[in-house]
Amino acid sequence: MTHSPLLMLGVLLVSGLLLSLLASRFKLPRIAAYAIAGLLWSEDLLGGVFGFEITEWSHQLTTVALAIIAYTIGGSVTIEQLRRLGKVITFCTLGETMGAMVTVGLAVYFYQPNVDGSVWVIAIVLAVLAASTAPAATVAVIHQYRAKGPLTTTLLGVVALDDAIGVIFFSLMLVLVTSASLADSMMNSGIEIIGGIVVGAIIGWILAYLGHRVRDQRFILPMVLGALFLSQGLAEVWHLSPLLTAMAIGFSARSVFPSGGERLFAPIEYLEELVFIIFFALAGAHFKLSVFLQGVDLVIIYIFARVIGKMIGIRVAAKLSHAPESVTKYLGFAVIPQAGIAIGLALSLFNYPDLQDIALLVLNIILASTLIYEVLGPLATRYAIVKAGETTQS
Amino acid sequence: MTEDFEHISVAEWLKDHPEMPIIAAGDASMTQLAQTLLAENSRDIYIADDDNKIIGHLSFGRIVSHLFAQHRPIQSHRQLFAQITDATAQELMDPHFAYARADETLCDVIHRQLERDIDNLVVLGQDHHLLGAIKLRELVTESLKSS
């Protein structure tokens with residue numbers, strides 16, 4: 001069997017699409033279909049039979065896909081919109097992300113799992129991956145039940161904002177755990193983080209300028225992709241944070257050109273579904289039963305610690321920001337879903353030689369927990385909006 | 001009449017059909033814009049800055065898709081933020097809107113108007129200052145009169 005990356009990618013995409021079409025007929029979540037398609041081609045199943053080797057070629061693809069997501073997240077909000085978000089949304093987002101990170105980190109560290117690799121590294125990596133949620137799953141439930149009210153509005157704000165925080169903390173974590181010493185870490189932090197933001201801001205400024213000047217809409221997508229490829233290449237060569245660079249491009253472009261949202265971001269938002277198919281199919285293809293069984297206790301700990309952390313974090317933050325009672329009592333249930341961003345970030349661990357030992361274990365934990373959250377998350381979100389009295393449909 | 005459009009300049013057309021587009025301020029909310037368009041029975045609204053220069057355009061469809069965002073099952077991060085923060089006209093407008101100049105012929109303008117699906121095309125002078133608007137409805141009416 002050939003080891004052509006294009007053939008393997010094609011097989012994964014086509015399998016993912018076919019299974020998602022089948023899943024939609026039975027009203028099953030499409031992202032689970034993408035993951036199962038990948039799983040079918042994993043080493044333990046058909047991938048082993050046909051000699052598929054996914055890990056070697058998928059790194060660059062993950063980098064580009066994550067850059068696309070980071071760019072859209074960075075450009076999703078203007079500074080003025082951030083000011084208008086309000087105290088409750090800001091506090092609750094910080095509360096749930098910090099709560100999840102602290103609880104997951106401590107739970108994994110003190111559990112001391114019997115796995116390969118440093119326990120504190122596994123704890124900190126899982127902690128930052130616990131921050132993000134799944135806006136798509138949340139929006140789907142809100143739409144299904146025609147929910148409206150303070151809880152719904154706060155929930156939409158929180159799920160939109162926490163992905164950005166998740167990406168930022170993941171980038172900071174990478175700087176920390178891939179540095180040789182504390183002094184090295186401080187130095188690297190400066191270069192990777194500040195350098196990444198500066199380079200991203202400059203590219204974003206140029207992109208906004210060109211986006212404003214070039215009238216032909218057909219040039220926008222190549223322009224944005226060109227800027228992203230260039231930024232990721234520069235980040236690689238100059239050892240900058242690739243995610244922060246891409247996020248800074250989006251944020252800078254949108255800040256320079258505030259009304260350019262539709263122009264500079266809508267074309268690339270169409271690629272989001274493709275990116276999520278790639279993430280889930282690749283994650284599924286990386287599934288390894290032996291690794292999963294080795295970390296099955298961590299899956300359980302991760303699932304419970306993340307939920308508990310988010311609930312406690314939101315309760316504290318909601319009290320501090322004097323949020324409405326419905327938000328304080330029920331928002332924690334609604335932020336359980338976890339999806340594409342966490343999977344994509346976990347996949348990117350393979351790009352770092354220092355994290356190769358734990359990458360497969362972490363990816364398997366995140367994949368398994370995502371599939372479980374995919375079932376439990378929408379139910380919990382539904383529970384929250386029903387209890388808050390914000391649904392108009394049963 | 002259609003053939004005459006080749007010889008009529010926008011300036012001449014505006015003398016006989018002195019129409020003005022609907023204008024709103026950059027900080028207007030989507031609800032205010034929708035109410036204005038409904039009251040004026042129009043599909044196009046232009047956004048002006050403090051110096052009365054036209055800086056953008058919003059179609060009724062764009063405004064409504066923002067107002068009805070909660071009825072859509074899929075939204076990007078950008079659309080979520082716009083929904084929650086009650087995005088203003090200036091944040092959602094298209095800054096690359098179509099417009100006409102006074103010295104152009106109607107033939108040039110009609111193509112632009114149809115291509116961009118605009119009922120009321122704004123006519124701008126120097127520095128994007130407003131001169132008037134060309135209503136597609138009036139162009140069609142004139143055209144049918146002579147046929």
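This structure is a prediction, so every number in the text was calculated from the model and none was measured.
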A:Thr78 and B:Phe81: CA distance, side-chain angles, deciding distance, side chain to side chain contact (heavy atoms under 4.5 Å, CB included) verdict: CA-CA 9 Å; A:Thr78 63; B:Phe81 278 119; over 6 Å; no
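From B:Arg78, atom CZ reaches atom CD1 of A:Ile268 across 11.5 Å, with rounding to the nearest 0.5 Å.
Residue-level contacts of residues 85-103 of chain B with chain A, in order of numbering, are B:Thr85, B:Asp86, B:Ala87, B:Thr88, B:Gln90, B:Glu91, B:Met93, B:Pro95, B:His96, B:Phe97; threshold 4.5 Å between heavy atoms.
Of all the listed residues (A:Leu85, A:Ile89, A:Thr153), the one sharing the greatest number of non-hydrogen pairs under 4.5 Å with chain B is A:Leu85. Per-residue counts of heavy-atom pairs under 4.5 Å with chain B were compared for A:Lys148, A:Gln217, A:Glu272, A:His212; the largest is that of A:His212.
B:Asp50 CG: 12 or fewer foreign heavy atoms inside a 6.0 Å radius.
Under the 4.5 Å side-chain criterion, counting only non-hydrogen atoms from C-beta, B:Leu80 is in contact with A:Pro135.
Contacts between A:Ala266 and chain B at a heavy-atom distance below 4.5 Å involve backbone atoms as well as side-chain atoms. Heavy atoms closer than 4.5 Å to chain B are found in both the backbone and the side chain of A:Leu156. The parts of A:Gln81 that come within reach of chain B are both its backbone and its side chain, each placing non-hydrogen atoms under 4.5 angstrom from that chain. Using a 4.5 Å cut-off between heavy atoms, A:Arg83 makes no contact with chain B at all.
Minimum heavy-atom separation, B:His77 to A:Ser76: CB-CB, 3.5 Å.
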